[in-house]
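Worksheet: the structure to be examined is printed underneath.
So you know, we letter chains A, B, ... as the sequences are listed, proteins then strands, and number each from 1.
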Amino acid sequence: MRPSLPKGVRDFLPEQVAKRNFIFDTIRSVFIKYGFRPIETPVMEKLSTLTGKYGEEGDRLLFKVLNNGDYLKKADPSALEAKDSTKLIPSISKRGLRYDLTVPFARFVVQHQNEIAFPFKRYQIQPVWRADSPQKGRYQEFYQCDVDVVGSDSLMYEAELVRIYDEVFAALNVPVKIKVSNRKVLAGMAEAAGISDQFMEMTMAIDKLDKIGEQGVRNEMGNRGIDAIAIDKVMTILEVKGLEELEPYFKDSEIGLKGIEELRTFHQYFDLEEAKNEVSFDITLARGLNYYTGCIFEVAAKGVEIGSIGGGGRYDDLTGVFGMKGVSGVGVSFGAERIYDVMQELDLFPKKDRSALEILLIAFDAPTHLKAFEWVGALRKAGIRADLYPTPAKLKKQMKYADASKVPFVGLLGGQELENSTISLKNMETGAQQNINLEDLINKFRP
RNA sequence: GUGUGUAUAGCUCAGUUGGUUAGAGCGCCGGAUUGUGGUUCCGGAGGUCGCCAGUUCAAAUCUGGUUACGCACCCCA
């Protein structure tokens with residue numbers, strides 16, 4: 001049979017894994033520094049935990065796991081008869097793959113509320129699955145790096161999370177613009193335009209501003225049934241540059257003013273230290289997810305057309321659906337896959353691979369192979385990433401292997417070297433070669 | 001869910017109006033070279049042309065179906 005992968009998933013070669021780990025390690029180290037603790041949740045959740053949390057579209061994109069055993073025996077006969085897949089699902093599938101990390105986290109918090117201390121700060125770096133049709137930069141399996149705080153509505157955390165963004169992207173050397181807004185400001189806009197009941201339609205249209213332009217947003221709102229006068233009003237407010245300018249529009253909108261106040265409090269905390277990246281209020285920032293209720297964030301890479309590489313915000317009642325009311329959360333997510341693409345395009349990955357082999361030993365015959373195995377053990381003991389070709393095969397073959405493996409150094413061990421207790425150390429890039437004893441060899445790599 | 005494209009060697013791809021034994025480059029194996037890779041030369045292995053039908057004297061090539069994967073839309077990271 002011809003080996004291949006199902007659509008939307010990928011293998012990673014060692015060099016890719018090294019690069020991906022560089023991103024994950026950088027993110028993780030910043031999370032830890034800010035006092036966040038790791039948790040892990042299972043690949044599978046109960047389907048009942050997942051369904052209905054991501055909208056109708058989301059339900060369709062959930063991967064469902066078929067029940068074990070003779071699952072058709074318990075299948076809903078009427079749904080089976082009618083060939084109604086949607087209705088059939090609950091009777092043949094009780095589990096699904098997680099679609100994001102936020103809903104499982106909400107479940108986790110409710111379930112373990114007596115074992116954790118609030119405010120609870122957690123981070124989670126795990127893959128998620130979506131049955132979306134894949135295309136460039138979009139996969140059915142991808143990693144999310146989430147960091148959230150639950151159990152406090154202090155705006156200090158908003159400032160802290162934006163600082164994490166700032167610090168991570170500075171550490172990765174990726175120049176970004178961090179956009180900040182507040183869902184209450186958007187609610188104020190809807191109120192000012194007299195379309196509070198069409199808040200969702202409005203935000204979804206605004207969310208596309210970057211992509212479809214001003215006229216596109218007007219059309220989108222029109223298509224979604226918002227009247228022309230309200231559209232004009234919304235577009236006028238979108239022109240606003242700062243919070244002061246915005247305030248007059250919200251004279252009669254309590255929620256709008258509350259949004260402005262929250263943003264000001266956020267800035268009081270955040271502005272105590274200068275940011276390394278551009279951080280700015282962006283009134284056109286909307287974020288599609290409708291569970292956000294307060295501050296919202298989005299990160300865009302500078303100089304690369306790729307969309308957002310991170311986003312997040314405040315949600316007042318995430319655990320509510322699991323029966324735990326009034327617990328506020330705020331969190332942000334890093335789009336690791338897209339960060340990878342940006343770093344690849346801008347050539348930002350470190351040249352030196354800290355997980356790659358440093359030296360390969362090559363032996364000429366059986367006695368030297370035995371000696372070389374002793375050497376490779378000594379090198380490893382000294383913390384040097386070393387390996388030995390498994391047989392004293394033809395030099396050409398061994399050298400070719402070294403070349404293909406991109407090992408920077410090769411240590412050759414033949415009869416002469418055995419006699420002098422040295423090896424011939426060859427620099428694979430320059431071709432230069434020198435005889436060296438074990439002690440000097442170790443010092444060369446770990447001085 | 002909608003639209004659209006692709007499928008030939010391990011990989012990337014040629015393959016003429018349908019016509020002998022389906023090719024190239026790279027990779028792989030062996031040799032030139034029994035103590036030296038990345039350059040060169042020589043030789044070799046490797047294919048159910050995605051799958052199933054149909055048209056035809058004859059199909060990788062034309063037609064229909066099917067499966068897989070890609071790209072775009074919706075949506076999203």
- Message: Applying a 4.0 Å non-hydrogen cut-off, can you work out what Gly58(A) is touching in the nucleic acid: base, sugar-phosphate, or nothing?
- Response: nothing
- Return no unless some side-chain N or O of Gln135(A) is found under 4.0 Å from OP1 or OP2 of C73(B). yes
- Message: Applying the Watson-Crick and G-U wobble criteria at under 3.5 Å, what pairs with A22(B)? Answer none if nothing qualifies.
- Response: none
- Please confirm whether any donor atom in the side chain of Gln398(A) sits under 3.5 Å from an acceptor in the base of G35(B), or the reverse. no
- Contact check, residues 399-410 of chain A vs RNA chain B, heavy-atom distance under 4.0 Å, returns Met399(A), Lys400(A), Asp403(A)
- Message: Need one value for Gly311(A): base, sugar-phosphate or nothing, where a base atom within 4.0 Å counts as base even if backbone is also close, heavy atoms only.
- Response: nothing
- Quick one: which of A77(B), G35(B), G1(B) gets closest to the side chain of Tyr139(A)? A77(B)
- Item | Protein-nucleotide distance (Trp129(A), atom CH2; C75(B), atom C1'), rounded to Å | 21 Å
- Taking only side-chain nitrogens and oxygens of Lys397(A), does any of them come within less than 4.0 Å of OP1 or OP2 of C29(B)? yes
- Message: Using a heavy-atom cut-off of 4.0 Å across all strands, would you classify Glu141(A) as base, sugar-phosphate, or nothing?
- Response: nothing
- Contact class for Ile362(A) vs. all strands (heavy atom < 4.0 Å): base, sugar-phosphate, or nothing? nothing
- Query: Is any side-chain N or O of Arg138(A) under 3.5 Å from a base N or O of C71(B), one able to act as donor and the other as acceptor?
  - Reply: no
- Among the candidates C75(B), G37(B), A77(B), find the nucleotide nearest to the side-chain atoms of Asp132(A). C75(B)
- Message: Return the pairing partner of G54(B) with a 3.5 Å limit on both distances, Watson-Crick or G-U wobble; otherwise return none.
- Response: C62(B)
- Message: Using a heavy-atom cut-off of 4.0 Å across all strands, would you classify Lys394(A) as base, sugar-phosphate, or nothing?
- Response: sugar-phosphate
- Under-4.0 Å side-chain N/O to phosphate OP1/OP2 contact, Lys396(A) with G35(B): no
- Identified pairing partner of C28(B), criterion: Watson-Crick or G-U wobble below 3.5 Å: G44(B)
- Query: NA contact type, Glu298(A), heavy-atom cut-off 4.0 Å: base, sugar-phosphate, or nothing?
  - Reply: nothing
- Message: Taking 5.5 Å and 30° as the limits, would you call Phe142(A) and the base of A77(B) a stacked pair?
- Response: yes
- Across all strands shown, which nucleotide pairs with G38(B) by Watson-Crick or G-U wobble geometry, both distances under 3.5 Å? none
- Message: Quick check with a 6.0 Å cut-off and a 45 degree axis cone: is Arg122(A) positioned over the face of Phe105(A)'s six-membered ring?
- Response: yes
- Let me know which of Tyr123(A), Tyr143(A), Tyr165(A), Phe142(A) forms a ring pair (Phe, Tyr, Trp, His ring centres under 6.0 Å) with Phe334(A). Tyr165(A)
- Which nucleotide, in any strand shown, forms a Watson-Crick or G-U wobble pair with U4(B), with both distances under 3.5 Å? G70(B)
- Just by distance, with hydrogens left out, do Gln16(A) and Arg20(A) show a side-chain donor and acceptor under 3.5 Å apart? no
- Message: Testing the 3.5 Å rule here: is there a donor-acceptor pair between the side chains of Gln144(A) and Ser333(A)?
- Response: no
- Does Gly225(A) offer a backbone N or O that forms a donor-acceptor pair with the side chain of Gln198(A) under 3.5 Å? yes
- Message: With a cut-off of less than 4.0 Å, is there a side-chain N or O of Gln144(A) near OP1 or OP2 of A77(B)?
- Response: no
